[in-house]
Visitor: 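Supplied in structure tokens, the structure appears directly below.
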Protein chains: 2
Amino acid sequence: MPAAKTELFTDEQIRIAELAKVLGHPARIAILMHLFKINSCVCGDIVEEIPLAQSTISQHLKALKDVGIIQGEVEGTKTCYCINPKVWQEMKGVLGQFFGTFNGCC
Amino acid sequence: MPAAKTELFTDEQIRIAELAKVLGHPARIAILMHLFKINSCVCGDIVEEIPLAQSTISQHLKALKDVGIIQGEVEGTKTCYCINPKVWQEMKGVLGQFFGTFNGCC
DNA sequence: AATATTAATCGTATTTTTACGATGAATTTA
DNA sequence: TAAATTCATCGTAAAAATACGATTAATATT
């Protein structure tokens with residue numbers, strides 16, 4: 001893609017797209033679902049849950065962390081990843097509002 | 001990306017990711033926002049609204065159409081694009097439920 | 001101190017996405 | 001019928017995403 005023309009869109013449009021984009025891969029959805037399921041933080045067992053290489057999962061975790069949805073904390077030799085409630089709320093709000101904008105027309 | 005290992009994830013995970021992915025570009029958000037704004041169908045003026053080449057916008061429209069969020073209908077020399085209410089509801093439901101799964105833990 | 005464990009990062013290959021101009025197909029207008 | 005309009009598609013180039021193995025860094029264990 002030749003040059004990201006981010007200046008052409010509003011900050012809101014860019015943020016919505018950014019948040020949606022990070023949800024745009026099954027592995028990252030699976031990671032988040034696992035976090036929901038255990039209802040706490042994952043501390044080092046994600047690789048067993050998802051059939052991908054360790055380095056690949058680490059990349060997906062980084063993508064989620066970069067956008068802010070999760071946060072990691074080093075615990076000795078392991079790393080604990082948790083949902084960032086603040087960003088999760090933001091996402092719920094931003095995307096929820098976006099969805100709510102359309103109420104049917106034609 | 002070497003080979004899409006879709007068999008490794010559930011249908012739900014794949015669908016959520018697919019729906020989110022198509023929202024993962026500012027241009028497509030802008031297209032949908034324009035549809036909301038005019039509160040009807042766009043019939044041939046999207047190229048003036050978004051500063052991208054006609055062929056590029058056509059590609060984005062196709063992406064939205066492929067996932068089902070919008071539907072196009074040929075009207076003479078123009079094409080009218082509308083939100084598909086059914087798929088929009090599905091998206092609201094699927095993603096809304098996904099967001100609702102997390103209520104805070106740590 | 002040496003070894004083991006865990007996760008991040010590096011390097012790299014492949015695929016997908018994004019973007020554009022050019023062309024083509026369909027319809028409308030002159 | 002000829003010209004104009006509108007949009008899809010083709011071809012292509014550049015960038016980003018995805019995946020993996022190998023390596024590194026940090027901590028824990030022996």
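These numbers come from the heavy atoms of this one structure, side chains and all, not from hydrogens, waters or symmetry mates. Reminder, nothing fancy here: chain letters follow the sequence lines and each chain counts from 1.
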Visitor: Do nucleotides 22-30 of chain C as a string where each nucleotide becomes B, S or -: B if the base has a protein heavy atom under 4.0 Å, S if just the sugar-phosphate does, - if no protein is that close.
Guide: B----SS--
Visitor: Quick one: R28(A) CZ to dA17(D) P, roughly how many Å, whole number?
Guide: 9 Å
Visitor: With sequence neighbours left out, which residue pairs that include part of residues 87-100 of chain A fulfil the side-chain hydrogen bond (donor to acceptor under 3.5 Å, both in side chains) condition?
Guide: R15(A)-E90(A)
Visitor: Which residues pass the salt bridge (charged side-chain N to carboxylate O under 4.0 Å, His left out) test with E12(A), not counting sequence neighbours?
Guide: none
Visitor: Going by salt bridge (charged side-chain N to carboxylate O under 4.0 Å, His left out), name the residues that satisfy it together with K37(A), two or more places apart in sequence or in a different chain.
Guide: none
Visitor: Quick one: is dA7(C) close enough that its OP1 or OP2 comes under 4.0 Å of any side-chain N or O from T79(A)?
Guide: no
Visitor: From dT18(C), dT9(C), dG21(C), pick the nucleotide closest to the side chain of K62(A)?
Guide: dT9(C)
Visitor: Would you mind listing every side-chain hydrogen bond (donor to acceptor under 3.5 Å, both in side chains) that reaches into residues 67-83 of chain A, with sequence neighbours excluded?
Guide: none
Visitor: Return each pair, listed once, that meets side-chain hydrogen bond (donor to acceptor under 3.5 Å, both in side chains) where at least one residue sits in residues 49-66 of chain A; pairs must be two or more places apart or across chains.
Guide: R28(A)-H60(A), K62(A)-D66(A)
Visitor: Any N or O donor-acceptor pair linking the side chain of Q59(A) to the base of dA19(D) at under 3.5 Å?
Guide: yes
Visitor: Quick one: on DNA chain C, does K78(A) or T56(A) contact a more 5' nucleotide (nearest heavy atom)?
Guide: K78(A)
Visitor: Any side-chain N or O of K21(A) below 4.0 angstrom from OP1/OP2 of dA16(D)?
Guide: no
